[in-house]
K.L.:
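Once you've had a glance at the structure underneath, I'll fire off some questions.
We count ligands from 1, going down the list as the structure has it; atoms in each ligand are counted the same way.
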Amino acid sequence: RLQLADAHKLEPALTRDGQRVEICANLGDCAGAAKAVAQGAEGVGLLRTEFIFMAHPQAPDLATQEAEYRRVFDALDGRPLVARTLDVGGDKPLPYWPLPEEENPFLGVRGVRLTLQRPHLMETQLRALMRASDGRPLRIMFPMVGTVEEWRQARDMALRVATEIPQADLQLGIMVEVPSAALIAPALAREVDFFSIGTNDLTQYCLAIDRGHPTLSAQADGLHPAVLQLIDLTVRAAHAQGKWVGVCGELAGDPLAVPLLVGLGVDELSLSAGGIAEVKARVREFSASAARELAQAALALDSAAAVRELAEHF
Ligand code: PEP
Ligand code: MG
């Protein structure tokens with residue numbers, strides 16, 4: 001089965017009834033882009049830009065960042081790049097930026113909350129991404145957005161940079177990984193170009209379980225119906241405004257979750273490149289209409305275990 005999947009990894013993933021699901025790669029470094037394309041990625045759905053900041057003893061300057069992003073664009077050869085702005089704080093500290101000790105760093109100054117406090121740094125990153133794009137499809141998303149004010153501040157900053165460096169194909173969106181963003185998705189969907197659902201943090205914050213907790217993390221299951229409800233809200237709000245939705249958390253690479261996500265209407269799945277052939281093969285196994293029925297049934301269940309059992313019989 002895997003051999004067969006591998007033979008078709010470079011072809012698009014269509015459900016049996018012809019619905020296309022875009023399959024992209026999550027990247028934790030710029031060097032992996034060419035390999036991801038060879039493994040069937042139709043673009044990069046999540047570039048975790050943190051690595052550039054962690055790989056240097058000081059904050060990388062404009063030229064350093066631009067060169068790194070350019071490498072990804074070159075490898076993608078016209079395929080879209082979804083770059084996430086720096087997402088540190090919480091579990092991801094930076095050596096040269098001693099952040100104040102916080103009692104609950106996961107509920108503290110992290111993601112876009114941090115970069116909005118450091119506009120110079122955020123602007124440099126946006127400028128580097130826009131200079132590197134050279135007319136190629138660039139999608140920029142902001143992590144940990146929980147309010148419309150955060151989105152608008154980040155968007156306005158990006159739009160200011162875009163007037164300076166005109167973009168032929170730029171979209172601006174947010175990661176939906178804070179439950180409040182999912183709950184106000186109808187308002188956000190009017191203003192963003194896209195959503196990308198970060199199921200790792202969305203699950204953590206929805207279920208109030210630390211994603212890395214030594215004994216509880218196994219219970220932080222993205223297939224919990226409460227998380228599925230948030231995904232459902234997000235997708236319906238986006239589609240009502242004609243916007244697309246991706247999933248870039250771990251769930252996107254879980255073959256059991258794939259029909260549920262497609263059934264909820266997700267347009268794009270982004271996962272580590274090694275899993276792309278298998279996820280594409282999984283998409284080809286079912287029809288979108290059956291997946292929609294499955295998803296509706298899952299939304300009515302009361303536990304992650306019940307959802308997993310249902311999905312196993314699909
Ligand atoms: C997520 O939260 O689901 C996500 C994709 O981002 P990260 O794992 O980098 O926090
Ligand atoms: Mg996250």
K.L.:
Should Arg84 be listed as contacting ligand 1, given a heavy-atom distance under 4.0 Å as the test?
P.N.:
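Yes.
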K.L.:
With heavy atoms of Gly249 as the reference, note each atom of ligand 1 found under 4.0 Å away.
P.N.:
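Counting from 1, the qualifying ligand atoms are 3 (O), 5 (C).
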K.L.:
Under 4.0 Å between a side-chain nitrogen and a carboxylate oxygen: does that hold for Arg155 and Asp193?
P.N.:
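Answer for the salt bridge query: no.
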K.L.:
Rounded to the nearest 0.5 Å, what separation is found between the CD atom of Glu268 and the OG atom of Ser196?
P.N.:
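One gets 6.0 Å once the value is rounded to the nearest 0.5 Å.
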K.L.:
What atom name does the N, O or S atom of Asp201 nearest to the Mg ion (ligand 2) carry?
P.N.:
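Minimum-distance N/O/S atom of Asp201 relative to the Mg ion (ligand 2) is OD2.
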K.L.:
State whether the number of non-hydrogen atoms from other residues, nucleotides or ligands found under 6.0 Å of Gln241 atom CD is greater than 12.
P.N.:
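Yes, the 6.0 Å shell around CD holds more than 12 heavy atoms from other groups.
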K.L.:
Is Glu177 close enough to the Mg ion (ligand 2) to have an N, O or S atom under 2.8 Å?
P.N.:
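An N, O or S atom of Glu177 is closer than 2.8 Å to the Mg ion (ligand 2), so yes.
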K.L.:
Looking only at N/O atoms, are Asp201 and ligand 1 under 3.5 Å apart anywhere?
P.N.:
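Indeed, backbone or side chain, Asp201 has an N or O that close.
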K.L.:
Below 4.0 angstrom from a heavy atom of Leu46, which ligand 1 atoms are there? Numbered from 1 as shown, please.
P.N.:
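Numbered from 1, ligand 1 contributes 5 (C).
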K.L.:
Do the side chains of Asp6 and Lys9 get close enough for a salt bridge, i.e. N-O under 4.0 angstrom?
P.N.:
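Looking at Asp6 and Lys9, the cut-off is met.
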K.L.:
Short list, please: which atoms of ligand 1 are under 4.0 Å from a heavy atom of Cys248?
P.N.:
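Matching atoms, with element in brackets: 5 (C).
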K.L.:
Which is closest to atom 3 (O) of ligand 1 by heavy-atom distance: Val176, Val178, Asn200?
P.N.:
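Comparing heavy atoms across Val176, Val178, Asn200, the nearest one to atom 3 (O) of ligand 1 lies in Asn200.
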K.L.:
How does Arg211 reach ligand 1, by side chain, by backbone, by both or by neither, if only non-hydrogen atoms under 4.0 Å count?
P.N.:
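It is the side chain that touches ligand 1; the backbone stays farther off.
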K.L.:
Does any non-hydrogen side-chain atom of Glu177 lie less than 4.5 Å from one of Met144?
P.N.:
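Side-chain contact under 4.5 Å: yes.
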K.L.:
Is NZ or CZ of Arg139 both nearer than 6.0 Å to the six-membered ring centre of Trp244 and within 45° of the ring axis?
P.N.:
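Checked: cation-pi criterion not met.
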K.L.:
Is there a heavy atom in Met175 that sits closer than 4.0 Å to ligand 1?
P.N.:
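Within the 4.0 Å threshold, so yes.
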K.L.:
Under a 3.5 Å distance rule, please check whether Asn200 uses its side chain to pair with a backbone N or O of Gly249 as donor and acceptor.
P.N.:
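No, the answer is negative, given that no donor and acceptor are paired below the 3.5 Å cut-off.
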K.L.:
Closer than 4.0 angstrom: is that true for some heavy atom of Glu50 and an atom of ligand 1?
P.N.:
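Outside the 4.0 Å threshold, so no.
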K.L.:
Where's the contact between Asn26 and ligand 1, heavy-atom distance under 4.0 Å: side chain, backbone, both or neither?
P.N.:
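It is neither; nothing of Asn26 touches ligand 1.
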K.L.:
Is it the case that more than 12 heavy atoms not belonging to Glu11 sit under 6.0 Å from its CD atom?
P.N.:
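Yes.
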